[in-house]
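Scroll down for the structure; my scribbles are underneath it.
Keep in mind the model is a prediction, meaning the values are calculated, not measured.
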Amino acid sequence: MNMLLQPLGRFNALAGAIPRDAVALALRVFPALVFWQSGRTKVEGLFSIKDSTWYLFEQEYALPLIPPQIAAVLATFAEHLLPILMIAGLLTRLSALGLLAMTAVIQIFVYPGAWVTHGLWAAALLALIAMGPGRWSLDHALRLDRGCGPR
């Protein structure tokens with residue numbers, strides 16, 4: 001049994017040495033890119049919402065309580081702004097919370113069968129909200145997030 005525990009202990013020590021700032025950067029970048037790419041499919045040029053986007057929000061994404069014209073603009077804007085903020089590490093926890101809320105809306109009202117994908121997004125976003133953006137962020141540089149240091 002001890003022969004198993006020693007290699008496991010060494011592996012765990014190595015894994016524990018991965019810088020949390022690197023992990024935080026990955027947690028910021030990869031979910032942000034998912035939303036950024038989605039946002040880019042909704043527009044032509046810099047920020048002209050496509051006819052197909054209006055159609056999707058009226059027909060396929062039809063959300064309760066929010067008119068499709070408002071939902072299309074809000075979602076498209078959020079899918080552009082929040083990923084930029086997250087990658088830069090600026091207002092990171094708030095940006096991650098916004099993307100987590102979008103993920104919940106998508107899961108509950110649009111694609112309830114995609115819970116595995118949405119669960120992965122949510123897990124990354126929750127980890128980022130809990131852990132913070134790390135020291136490789138504007139939040140840390142500007143002292144906007146006191147929880148950016150190592151733990």
Subject >> Worked verdict on Tyr61 versus Ile106 for side chain to side chain contact (heavy atoms under 4.5 Å, CB included) >> reply: CA-CA 8 Å; Tyr61 303 162; Ile106 295 165; over 6 Å; no
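- Put simply, the side chain of Ser48 never gets that close to the backbone of Glu44: no donor and acceptor are under 3.5 Å apart.
- Here the straight-line distance linking atom OG1 of Thr103 with atom NE2 of His118 works out to 7.0 Å at 0.5 Å rounding.
- Listed here is the closest heavy atom pair of Arg40 and Gly45: NH2-O, 2.7 Å.
- Between the CG atom of Leu90 and the CG atom of Asp145 there is a distance of 11.0 Å, given to the nearest 0.5 Å.
- Within the 4.5 Å cutoff, side-chain heavy atoms of Leu27 are placed close to those of Met131.
- Side-chain atoms of Leu25 and Phe30, non-hydrogen and from C-beta on, never get closer than 4.5 Å to each other.
- The hydrophobic clustering, which links ILVMFWY residues whose side-chain heavy atoms are closer than 4.5 Å, places Val105 and Tyr111 together.
- Chaining together hydrophobic side chains whose heavy atoms lie under 4.5 Å apart places Trp36 alongside Ile84.
- Atoms CG and CZ, on Leu82 and Phe77 in that order, are 8.0 Å from each other to the nearest 0.5 Å.
- Within the 4.5 Å cutoff, side-chain heavy atoms of Val43 are placed close to those of Thr76.
- Using modelled atom types, no side-chain atom of Ser38 and backbone atom of Val34 make a donor-acceptor pair closer than 3.5 Å.
- Trp54 is not listed as a side-chain neighbour of Pro68, based on a closest heavy-atom distance of 4.5 Å or more.
- Leu99 contributes atom CG, which lies 9.5 Å from atom CG of Leu81 (distance to the nearest 0.5 angstrom).
- The shortest non-hydrogen separation linking Gly89 to Ser137 is O-CB, 3.6 Å.
- For the pair Asp139 (side chain) and Thr92 (backbone), a donor-acceptor distance under 3.5 Å is present.
- Shown here for Ile49 and Ala72, the closest heavy-atom pair between the two residues is CD1-O, 4.3 Å.
- Here Val116 is tied into one hydrophobic group with Trp115, each link being a pair of ILVMFWY side chains closer than 4.5 Å.
- Atoms CG and CD, from Leu100 and Gln107 in turn, are 11.5 Å apart once rounded to the nearest 0.5 Å.
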Got a list of side-chain donor-acceptor pairs under 3.5 Å for residues 123-130, not counting sequence neighbours?
none

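- Contact of the Phe57 side chain with the Gln69 side chain is not registered, since no non-hydrogen atoms from C-beta on lie closer than 4.5 Å.
- Every residue meeting the ring pair (Phe, Tyr, Trp, His ring centres under 6.0 Å) condition with Phe47, not counting sequence neighbours, appears here in chain and number order: His80.
- No continuous path of ILVMFWY side-chain contacts below 4.5 Å connects Leu138 to Leu33, so the two sit in separate hydrophobic clusters.
- At most 12 heavy atoms of other shown residues, nucleotides or ligands fall within 6.0 angstrom of atom CG in Asp51.
- The same ILVMFWY cluster, assembled from side-chain heavy atoms under 4.5 Å apart, contains both Leu144 and Leu85.
- Here the side chains of Pro133 and His140 are not in contact, with every heavy-atom distance at 4.5 Å or above.
- Among pairs with a residue in residues 61-80, those fulfilling salt bridge (Lys or Arg N to Asp or Glu O under 4.0 Å) read Lys42-Glu79, at least two apart in sequence or across chains.
- Under the side chain to side chain contact (heavy atoms under 4.5 Å, CB included) criterion, Ala32 pairs with Pro83, Met86, Ile87, not counting sequence neighbours.
- The hydrophobic cluster containing Val73 does not contain Ile66, counting ILVMFWY residues as joined when their side-chain heavy atoms lie under 4.5 angstrom apart, directly or transitively.
- Residue Leu74 holds its CG atom at 10.0 Å from CG of Leu63, rounded to the nearest 0.5 Å.
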